[in-house]
Amino acid sequence: MPKVLIVTGDAAEDLEVFYPYQRLLEEGYEVDIAAPAVKKLQFVVHDFVDGFDTYTEKPGHCWPADVAFADVNPADYVALVIPGGRAPEYLRNDPDVQRIVRHFFDADAPVAALCHGPLILGGAGVLQGRTSSAYPALAVDVTTAGGTYVDGADVVDGNLVTGRAWPDHPQWFRPFIDQLRKVAPVA
């Protein structure tokens, strides 16, 4: 059974981890969650409240990581998913995360990133010359990393599929699943 890797950590957006995790399982893929260490992760819920200039954050669900970044052999996986939340702010600095991300881009394998996930792409140096969506406040981060920011729910640039945040799930994940079915169909 083909395997897909989700790279995340504490303070990842709850919905942005669980939606792709469950959707990939539903498709018949095996899914591993990689984090800085094998432990129970604490996710968060970001929501929009009238009168606030930005999103609010509340505690979300807990979920165990399957593998530590240092132990990931990216060649064991056919695709990569990078959820948002605050986790990408610190994960982008991890040399093993950068190694993992570069592998998928070098292999031209499907990569899906949502919300703050493109911060990791920028940290890995793979946004140069690419078009990417992200949480709108990160437009400057995408362009600073050498990419072109597009405010869209389903921005596709070759193997890369990006979106703005969890409200984009249906639009964002559909083209990623289409790519995945082509390169690694489930028998």
Side-chain angles (χ1 to χ4, degrees), residues 4-26 31 33-37 39-65 69 80-94 97-98 101 111-128 130-157 160-178:
V4 177
L5 185 66
I6 296 177
V7 169
T8 196
D10 287 323
E13 166 56 51
D14 198 286
L15 290 172
E16 294 176 12
V17 176
F18 285 117
Y19 179 86
Y21 179 78
Q22 292 172 332
R23 183 69 187 88
L24 289 163
L25 291 175
E26 179 185 28
V31 183
I33 293 179
K39 66 172 198 156
K40 184 185 278 188
L41 299 169
Q42 174 65 60
F43 301 140
V44 297
V45 174
H46 290 143
D47 207 352
F48 304 95
V49 176
D50 289 340
F52 276 64
D53 293 327
T54 188
Y55 53 83
T56 63
E57 181 173 287
K58 298 165 185 65
H61 292 88
C62 294
W63 198 260
F69 296 143
L80 175 66
V81 176
I82 306 172
R86 283 187 298 112
E89 294 172 9
Y90 65 92
L91 296 179
R92 65 181 161 174
N93 300 309
D94 187 300
V97 170
Q98 295 169 1
V101 169
V111 176
L114 189 64
C115 194
H116 285 67
L119 289 175
I120 290 176
L121 302 177
V126 298
L127 279 180
Q128 184 71 38
R130 303 297 294 255
T131 300
S132 176
S133 187
Y135 187 69
L138 301 183
V140 69
D141 297 278
V142 171
T143 57
T144 300
T148 300
Y149 175 77
V150 174
D151 184 6
D154 59 345
V155 176
V156 179
D157 183 347
L160 176 62
V161 181
T162 53
R164 296 169 296 209
W166 56 262
D168 292 343
H169 278 320
Q171 298 88 354
W172 165 67
F173 220 62
R174 186 178 302 116
F176 176 73
I177 290 289
D178 289 344

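For reference, positions follow the sequence shown, starting with 1.
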Inset, instruction - Indicate yes or no for a side-chain donor-acceptor contact from His169 to the backbone of Leu15 under 3.5 Å, with no hydrogens or angles considered. - result: yes
Legend entry - Glu57 side-chain N/O to Val44 backbone N/O, donor-acceptor pair under 3.5 Å: no
Legend entry - Heavy-atom pair with the smallest gap, counting every atom of Phe173 and Ala112: CE1-CB, 4.5 Å
Inset, instruction - Report, as yes or no, whether the 6.0 Å neighbourhood of atom CZ on Phe48 holds more than 12 heavy atoms from other residues, nucleotides or ligands. - result: yes
Legend entry - Euclidean distance, Asp47 CG relative to Asp14 CG, rounded to 0.5 Å: 11.5 Å
Legend entry - Side chain proximity check, Asp168 to Asp154, heavy atoms < 4.5 angstrom: no
Inset, instruction - Please round to the nearest 0.5 Å and tell me the distance separating atom CG of Asp157 and atom OG1 of Thr148. - result: 8.5 Å
Inset, instruction - Would you confirm whether Trp172, through its side chain, and Gly152, through its main-chain N or O, come within 3.5 Å as a donor-acceptor pair? - result: no
Legend entry - Separation of Trp63 CH2 from Thr8 OG1 (nearest 0.5 Å): 13.0 Å
Inset, instruction - Could you grab the distance from atom OH of Tyr149 to atom CZ of Arg164, nearest 0.5 Å is fine? - result: 7.0 Å
Legend entry - Aromatic centroids of His116 and Tyr135 separated by under 6.0 Å: yes
Legend entry - Interatomic distance, Tyr19 atom OH to Trp166 atom CH2 [nearest 0.5 angstrom]: 13.0 Å
Inset, instruction - Examine distances only and state if a side-chain atom of Glu13 and a backbone atom of Phe43 form a donor-acceptor pair shorter than 3.5 Å. - result: no
Inset, instruction - Considering non-hydrogen atoms only, spot the tightest contact between Pro118 and Leu127 and give its length. - result: O-CD1, 3.7 Å
Inset, instruction - Kindly check if the number of other-residue, nucleotide or ligand heavy atoms within 6.0 Å of NZ (Lys40) is above 12? - result: no
Inset, instruction - Nearest 0.5 Å please: distance from the CZ atom of Arg130 over to the OG1 atom of Thr162. - result: 9.5 Å
Inset, instruction - Locate the shortest heavy-atom distance separating Leu91 from Pro36; write the atom from each residue and the value. - result: CD2-CG, 3.8 Å
Legend entry - Distance-minimising heavy-atom pair for Cys115 and Gly84: CB-CA, 4.0 Å
Legend entry - Intermediate values then yes/no, side chain to side chain contact (heavy atoms under 4.5 Å, CB included), Leu41 and Ile33: CA-CA 10 Å; Leu41 299 169; Ile33 293 179; 4.1 Å; yes
Inset, instruction - Could you walk me through whether Tyr21 and Val81 pass the side chain to side chain contact (heavy atoms under 4.5 Å, CB included) test, one step at a time? - result: CA-CA 9 Å; Tyr21 179 78; Val81 176; over 6 Å; no
Inset, instruction - Grab the two heavy atoms, one from Pro175 and one from Val161, that are nearest each other, plus how far apart they are. - result: CG-CG1, 3.8 Å
Inset, instruction - Considering non-hydrogen atoms only, spot the tightest contact between Ala137 and Val140 and give its length. - result: O-CG1, 4.3 Å
Legend entry - Check: Lys39 and Asp10 side chains under 4.5 Å, non-hydrogen atoms: yes
